[in-house]
J.: 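Before I ask anything, here is the structure I am working with.
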Amino acid sequence: MDNPDGDLKTLLIRVAEHGDKTAFAQLFHHFSPRIRSYGLRHLGSEANAMELVQETMLLVWQKARLYHPEKGAPTTWIYTVMRNQCFDMLRRRRASKEDLCAEELWPTLEFQAEEEHLSGGEDAVLTRQMAHYLSTLPEPQQQVVRGIYLQEFSQQELAERLGVPLGTIKSRLRLALQKLKEQVEQSHD
């Protein structure tokens, strides 16, 4: 595409004005890998990332007529739809009383890491400050946070690896994330 935004704008207008399925398929092909990547970073699983892709692109199809080219680029509009959908998904989880402590905290840490453009090892996932905060936790809590977020084990897998009950993993993770969250909040005050 010589002018990607112009081409995307044309495609989005064709979807809005004519319900053009071919144009929508091209938009889907262009945006789905980007939305999936965002979903993996902020929702933590492939299933949730793919749900974000589906929900976002469904809204793009349904609400394309609300896009106004004079107000901004199509990428900006679609990414706004995506972010709003991601926040809605997180809110729904909270409403269904899932333990959201990790989901509330970890996206904040990832945004910080992205902003600092760190590379390599743990610092690619954690900011230097978060690595420091992590080091202040008791060793069993550090093990759980590292296992879940850096080594990407499920809670069940980590329980088996460490030879402790699943409930212990959940408790340690909840405590660790609460302590980390408090430290992050204090550092921003």
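Small disclaimer: the values here were computed from a predicted structure and weren't measured.
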J.: Testing the basics here: between Lys9 and Pro74, what is the closest heavy-atom pair and its distance to 0.1 Å?
T.: N-CG, 3.5 Å

J.: Would you indicate whether the side-chain heavy atoms of Gln143 and Leu158 approach each other to under 4.5 Å?
T.: no

J.: Mind listing the closest non-hydrogen atom pair of Leu43 and Cys86 along with its distance?
T.: CD2-SG, 3.7 Å

J.: Determine which pairs satisfy salt bridge (charged side-chain N to carboxylate O under 4.0 Å, His left out) with at least one residue from residues 74-87, sequence neighbours left out, and list them in order.
T.: none

J.: Per the salt bridge (charged side-chain N to carboxylate O under 4.0 Å, His left out) rule, what does the pair list look like for residues 62-81, sequence neighbours excluded?
T.: none

J.: Side chains of Tyr67 and Val60, heavy atoms from C-beta outward: is any pair under 4.5 Å?
T.: no

J.: Any link between Ile13 and Phe31 through a network of hydrophobic side chains (Ile, Leu, Val, Met, Phe, Trp, Tyr) touching at under 4.5 Å?
T.: no

J.: Where is the tightest heavy-atom contact between Gln155 and Ile148, given as atom of each residue plus distance?
T.: CG-CD1, 3.6 Å

J.: How long is the span from the CG atom in Leu12 to the NE2 atom in His30, to the nearest 0.5 Å?
T.: 11.5 Å

J.: Working to the nearest 0.5 Å, report the span between CD of Gln141 and OG1 of Thr136.
T.: 9.0 Å

J.: For Val81 and Leu59, work out which heavy atoms get closest and say how close.
T.: CG1-CB, 3.9 Å

J.: Can you tell if the side chain of Gln54 reaches within under 4.5 Å of the side chain of Phe28, non-hydrogen atoms only?
T.: yes

J.: Does the side chain of Lys21 reach to within under 4.5 Å of the side chain of Trp61, using non-hydrogen atoms?
T.: yes

J.: Would you name the heavy atoms of Ile78 and Thr56 that are closest together and state the gap between them?
T.: O-CG2, 4.2 Å

J.: Rounded to the nearest 0.5 Å, what separation is found between the OG1 atom of Thr80 and the CE atom of Met82?
T.: 8.0 Å

J.: Within a reach of under 6.0 Å around NE2 of His68, are more than 12 heavy atoms found that belong to other residues, nucleotides or ligands?
T.: yes

J.: If you round to the nearest 0.5 Å, how far is CE of Met89 from CG of Leu52?
T.: 5.5 Å

J.: Can you measure from OG (Ser32) to CG (Leu27) and round to the nearest 0.5 angstrom?
T.: 10.5 Å

J.: Considering only heavy atoms from C-beta outward, does the side chain of Lys179 approach that of Pro138 to under 4.5 Å?
T.: yes

J.: Quick one: pull up CG in Leu90 and CD in Gln85 and give me the separation to the nearest 0.5 Å.
T.: 10.5 Å

J.: I need the minimum non-hydrogen distance between Ala49 and Gly39, along with the two atoms involved.
T.: CB-C, 3.7 Å

J.: Check salt bridge (charged side-chain N to carboxylate O under 4.0 Å, His left out) between Glu46 and all other residues, then give those that pass, not counting sequence neighbours.
T.: Arg36

J.: Tell me, do Arg172 and Leu175 make a side-chain contact under 4.5 Å, heavy atoms counted?
T.: no

